[in-house]
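To keep things clear, I will list the structure first and then write my remarks on it.
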Amino acid sequence: MKLSVEKRSAEGMADNTALFLTTWGVGYIPGAPGTYGSLIAVGIYLAINYCLQGTTIAAGLIHAGVAVAITLFCLVGIWASSRAVALLGNHDPSEAVVDELMGQFITFLFIPFGIGWPFILAGFLLFRLFDIWKPYPIDDLQILPGGLGICADDIVAGVYAGICLAIGYAIYLVV
């Protein structure tokens, strides 16, 4: 449910930063802003993967670094979403896509970093499925206040999608 709040104009660097981090520029595109946000996350994942190809860094260290970066990103995203509620005039604005980035990144934590495109596509589709379907308790998490309510449902959808992706990967390894 999208409850309205009094909309206000962005004032200063903190507001503008929060709006950018919340919308990623694609939140205003009509149609499917959540899907666009997920595609931004896939693009970032692929870019990081490309940059790390051929490095001698151990896979476990890469995965741990990515996990820490995602945790920090989630904390900053929740802050930005909380601040953006008043700027966008809604408790769960459709323009906010940072939550989709979070959920999509979390989905990919469940498989080895740098896996092939079929698993990246599967992770994208699984996350979108859980984000739209919202099985229990995902839908109920949206009532949490501020940025936590905006982001918590997508974080859990990412965990659900990641578990399914990991099961698919395990089956792939056995077969």
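Note that this is a predicted model, so its numbers are computed, not measured.
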Step-by-step side-chain contact (heavy atoms from CB on, under 4.5 Å) determination, F124 to T107: CA-CA 8 Å; F124 170 76; T107 299; over 6 Å; no
Shortest non-hydrogen separation from S94 to P33 and the atoms involved: O-CG, 3.6 Å
P112 side chain reached by Y169 side chain, heavy atoms, under 4.5 Å: yes
T22 vs I150 side-chain heavy atoms within contact, under 4.5 Å: no
Main-chain N/O of L109 paired to H63 side chain as donor or acceptor, under 3.5 Å: yes
Q104 and I44, any side-chain heavy atoms less than 4.5 Å apart: no
Shortest non-hydrogen contact from G103 toward F127: CA-CE1, 3.5 Å
From CD (E95) to CG (L19), nearest 0.5 Å: 9.5 Å
F130 with L125, same ILVMFWY side-chain cluster at under 4.5 Å: yes
Separation between CG of L141 and OH of Y136, rounded to the nearest 0.5 Å: 8.5 Å
Point-to-point distance, once rounded to the nearest 0.5 Å, from CE of M102 to CD1 of I155: 5.5 Å
G146 to S82 - nearest heavy-atom pair and separation: C-OG, 3.9 Å
F113 ring center near Y45 ring center (under 6.0 Å): yes
Non-hydrogen atoms of L88 and P93 that approach each other most closely: CD1-CG, 3.6 Å
Atom pair OH/OH of Y36 and Y28 - distance to nearest 0.5 Å: 15.5 Å
Same apolar cluster (I L V M F W Y, side chains within < 4.5 Å links), L39/Y50: no
Side-chain heavy atoms of D153 within contact of Q142, under 4.5 Å: yes
Cluster check V98, I132: I/L/V/M/F/W/Y, side chain < 4.5 angstrom: no
Linked, directly or transitively: L87 and V97 (ILVMFWY side chains, under 4.5 Å): no
More than 12 heavy atoms from other groups under 6.0 Å of CD1 on I143: no
Gap between atom CZ of F108 and atom CG of L46 - 0.5 Å precision: 7.5 Å
Heavy-atom pair with the smallest gap, counting every atom of D92 and N90: N-OD1, 2.9 Å
S81 side, atom OG; L21 side, atom CG - distance, nearest 0.5 Å: 9.0 Å
ILVMFWY network linking I106 to L126, side-chain heavy atoms under 4.5 angstrom: yes
Where G158 and F110 come nearest, the two heavy atoms and their spacing: O-CE1, 4.3 Å
